[in-house]
Protein chains: 2
Amino acid sequence: MTSARGKRPNASITNVAALADVSIATVSRVLSGRRTKDDDIARRVRQAAIELDYAVNSAASALRSDTSNIIALSLPATPNPLHAGIVAAISDAASAAGRQLLVGTDSTSAGQHQRIKAFIRRNADGIIVLPCPRSGTSTARGLATADTPIIQLFGSTNLLRHDWISIDNGASIELAVTHVVERGAHSIAYFSDAVGSSEGAQTLLAFQSSLNMLHAHADSDWITIADGTTQRGFADTMRIFGDASREIPEAIICASVDTAIGAMIALNQLAIDVPNRVQIVSLRDDTAAATSVPSLTAMRAPLPQMAAESLRLIANAGAATSDAMTVARLRRHVAFPRRVVARGSTRHAAVA
Amino acid sequence: MTSARGKRPNASITNVAALADVSIATVSRVLSGRRTKDDDIARRVRQAAIELDYAVNSAASALRSDTSNIIALSLPATPNPLHAGIVAAISDAASAAGRQLLVGTDSTSAGQHQRIKAFIRRNADGIIVLPCPRSGTSTARGLATADTPIIQLFGSTNLLRHDWISIDNGASIELAVTHVVERGAHSIAYFSDAVGSSEGAQTLLAFQSSLNMLHAHADSDWITIADGTTQRGFADTMRIFGDASREIPEAIICASVDTAIGAMIALNQLAIDVPNRVQIVSLRDDTAAATSVPSLTAMRAPLPQMAAESLRLIANAGAATSDAMTVARLRRHVAFPRRVVARGSTRHAAVA
DNA sequence: TTGTAAGCGTTATCAC
DNA sequence: GTGATAACGCTTACAA
């Protein structure tokens, strides 16, 4: 029955001002950091705020100052396992910047367009969009005039006509090839998945040129293009490694974790040692990679960096528009390579 | 260069009132549905709103009416593939109820506690919490007094002392057993994962009692408890099905998709037909289940229903508290069984 | 540096 | 049922 228990649910700035014996303007200035001095007044205000368990009313703050401290994220509704990591990374970055995260999912680009407009109405500080597949250019038009910064995250082409943060697939596979070559592999198989023509072709090209650059080679039938299933990895591996009379590659690069695990099961059946006889790298990562035996070396998108960069672009966009106004701003494009997470399916790096 | 291009970015209720030649109070009433008549005035107001591309300023609305139209969701930061589906389901349900979704991720229950307090400060209409593993009871205490409804979603125990929506594991496995028995299986293997003692034990018990009830049986070494990896499914299946001199089960129930796929690869190696000789069901679903060959019958949590129920509980909580006030409200617990998604690894249902 | 006071756009209250 | 008007809690000129 102490007074602490019956704490008033929502104290307002007026209560704090009264308790600290200053004006509400001073309270606002101290708590928002617009008043830098750390004297007795500042201390009294902060003390009063703590005592009353005060926190600014975000609705009032948003109404008056026209800034919501909200970052919005539009996702495709298709439950992609990567989405969970993306949401977590952006949530973290937003929290670090003192902002909250509004999320919406839609299954069509038209729905996504509506969603983005709703975000703009909410006066979000910035909007991050993972475009739905085959999102038409229609998405871009109606949003061009809005002054809320919009960032496209991922996607194989710049569907929205805005700043774009994506994955550098060419650099990623070059890193994968480098990883196994540095660990002693001279011959490499590549189990590609047949993602959209341009992206898949580009990655394949980068694989070939990485081989040349690093003096490694691949027989033509070591490069297969199919789905990303476990069975496919198993079948391709059985075919390529099952014939004892032929040369076998010293490493496999797989487009998916499932394919890599299928390959590992097949190699285990054939009594071919991983990683000493054959090394395996997956271009994607997920929880199964860490739990397999041996654990699977895999690449992952640097989500925290990509999220931080998104927020940085959003923050800068505000400055840019106030400067350039009606002049069309340059669209920025930042592409990150995936990072290698070294695990048990590749060897320790050779000491030169 | 039409006037449409230069459309004023944010028209306010005053502009709409002027254009419709009514008072702002009437505009508010018409657009918020508090005025039911559909006469000329209502039409004029709606027309004017469309013409000006007007949408209410949510900050002002939230400030004045003390209701934010925001649902908040707190997730563990660990990137669980299920999270993507959960976010999508809740986003859909929230959109259907005219609300937006605020999301925060945290890796500790302490962080989650802070997050929830921030959501309460944002004046969220309701908060949905997926508790972090081993979240202590500390999470519950400080939040008990808040009148913002809080719902726990998933989790194996009611960590928060609030309404709770979860999965009925016993009913789920009973449905799985029924599914294969109805399709002709009399003997069933179970590849369990060793999730937390209570939940795992409970599911195992339900498996046994389902067998009894449906007159099916399982040899004791057909029930294995291990991790959920593909390799484990492969190894267990090779062991149980590889000895031609022994009886083999007519169905396998697997705790994970990966394990089920490992089993399917093994059966394929052993030239045992799926689904005609052996049927397979996974207790979880993911994208790999649909793409395997044959595709994998799997169970999934009814996320749309669970999300809708969450919002229903939140909506009702408002009514309940205004009635009961200081009286401790009864905590509600709703448990949904997973649903079977029938695919190619089980047969067509036998016609009785 | 501080306090005073004017709004931000909406909904609630009150007369009519 | 409608319209004038007062609030909601905060930020920000502007005056002291």
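Not measured: the values here are computed from a predicted model. Within every chain, numbering begins at 1; the chains are lettered A, B, ... in the order of the sequence lines, protein sequences first and strands thereafter.
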Task: Leading and trailing nucleotides of DNA chain C with any atom under 4.0 Å from heavy atoms of chain A - done: C:dT1 to C:dG9
Task: Close side-chain approach of B:R122 to B:S68, heavy-atom, < 4.5 Å - done: no
TODO: For B:I24, answer base if it contacts any base atom (sugar-phosphate contacts may also be present), sugar-phosphate if it contacts only those atoms, and nothing otherwise; contact means non-hydrogen atoms under 4.0 Å.
DONE: base
TODO: Report yes or no: do A:S23 and A:T26 form a side-chain donor-acceptor pair below 3.5 Å?
DONE: yes
TODO: Round to a whole Å and report the spacing from CD1 of A:I13 to C1' of D:dC10.
DONE: 6 Å
TODO: Let me know the distance between CG of A:N15 and C1' of D:dG9, rounded to the nearest Å.
DONE: 11 Å
Task: Nearest-angstrom distance from the residue atom CG of A:N57 to P of D:dC8 - done: 12 Å
Open item on the list: If the threshold is 4.0 Å, N to carboxylate O, is there a salt bridge linking B:D163 and B:R312?
Closed with: no
Open item on the list: Using every non-hydrogen atom in the two residues, find where A:V27 and A:A17 come nearest and quote the distance to one decimal.
Closed with: CG2-CA, 3.6 Å
- [ ] Give the rounded distance in Å between these two atoms: CZ of A:R29 and P of D:dC10.
- [x] 15 Å
Open item on the list: For A:S12 and B:D21, find the nucleotide of DNA chain D closest to each by heavy atoms; which residue's nucleotide sits nearer the 5' end?
Closed with: B:D21
Task: DNA chain C contacts among residues 30-38 of chain A, heavy-atom distance under 4.0 Å - done: A:R35, A:K37
Open item on the list: Angle between the end axes of the helix from C:dT1-D:dA16 to C:dC16-D:dG1, five pairs per end, to the nearest 10 degrees?
Closed with: 40°
